[in-house]
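For reference, the structure is listed below as structure tokens.
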Amino acid sequence: FPSSDPRWADADSLEMLRHAVRLAAEQQIHPDSVDVTVVAEGVRIAPHREQMRSNLASALGIEVASVSVKATTTDGMGFVGEGEGMAATAVVVATTSP
């Protein structure tokens with residue numbers, strides 16, 4: 001999803017995820033679980049965590065119980081710590097089918 005591709009300008013992130021899942025499925029790769037960490041200063045995800053889990057589970061085609069969402073800060077370091085942005089990491093465990 002290069003930022004230089006106008007097709008993805010203002011794209012819905014969940015639709016981008018669904019597209020990635022379809023591409024993976026074409027290669028017989030299927031998500032089993034996901035662990036997401038949001039890195040932000042001053043933004044509280046707790047009030048939104050369950051909706052985030054539900055949205056991700058739906059887009060990935062997995063159970064909500066297989067989705068973990070948590071948050072951390074950078075303790076004031078870098079552009080995230082200075083409140084200039086947010087970051088996220090995600091680890092997906094997947095299986096392949098023959």
Side-chain angles (χ1 to χ4, degrees):
F1 304 109
S3 58
S4 60
D5 186 341
R7 171 172 69 148
W8 301 111
D10 300 318
D12 179 293
S13 59
L14 288 173
E15 186 52 42
M16 293 171 74
L17 179 58
R18 288 183 198 96
H19 180 71
V21 169
R22 286 190 297 272
L23 292 175
E26 291 174 6
Q27 301 300 312
Q28 306 303 315
I29 300 169
H30 309 281
D32 287 330
S33 62
V34 64
D35 180 61
V36 177
T37 303
V38 178
V39 185
E41 301 287 325
V43 175
R44 308 296 297 170
I45 69 158
H48 311 284
R49 182 184 331 268
E50 293 311 311
Q51 187 64 55
M52 293 168 72
R53 290 179 67 219
S54 178
N55 290 347
L56 289 168
S58 177
L60 291 165
I62 60 177
E63 297 294 323
V64 173
S66 298
V67 178
S68 169
V69 176
K70 58 189 177 296
T72 191
T73 70
T74 62
D75 291 326
M77 294 175 32
F79 78 94
V80 172
E82 293 172 1
E84 296 177 13
M86 296 171 60
T89 60
V91 176
V92 177
V93 176
T95 55
T96 58
S97 55

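These numbers come from a predicted model, not from an experiment.
- In this structure, CG on N55 lies 11.0 Å from CD on E50, to the nearest 0.5 angstrom.
- No more than 12 heavy atoms of other residues, nucleotides or ligands shown are found within 6.0 angstrom of CZ on R44.
- In this structure, L23 CG and R18 CZ are separated by 14.0 Å, a value rounded to the nearest 0.5 Å.
- Taking hydrophobic clusters as Ile, Leu, Val, Met, Phe, Trp and Tyr residues chained together by side-chain heavy-atom distances below 4.5 Å, L14 shares a cluster with I62.
- Under the 4.5 Å side-chain heavy-atom criterion for Ile, Leu, Val, Met, Phe, Trp and Tyr, V34 and V93 are members of distinct hydrophobic clusters.
- To the nearest 0.5 Å, the span separating CD on Q28 from OG1 on T95 amounts to 10.5 Å.
- Ring pair W8/H19 is tilted by interplanar angle, where 30° to 60° counts as tilted.
- In terms of heavy atoms, S97 sits closest to H30 at OG-NE2, 3.2 Å.
- Expressed to the nearest 0.5 Å, how far OG of S68 lies from CZ of R49 amounts to 8.0 Å.
- We find the CG-CD distance between D32 and E63 to be 11.5 Å, quoted to the nearest 0.5 Å.
- The shortest side-chain heavy-atom distance between M52 and V67 does not fall under the 4.5 Å cut-off.
- Atom CZ in R53 sits 13.5 Å away from atom OG in S58 (nearest 0.5 Å).
- Put simply, the side chain of T89 does not reach to within 4.5 Å of the side chain of V39, judged on heavy atoms.
- Tracing side-chain contacts under 4.5 Å through hydrophobic residues (I, L, V, M, F, W, Y), one reaches V69 starting from V43; they form part of the same cluster.
- Pairing each heavy atom of P31 with each of V92, the nearest pair is CB-CG1, 3.9 Å.
- Looking at every heavy atom in both residues, S54 comes nearest to V64 through CA-CG2, 4.0 Å.
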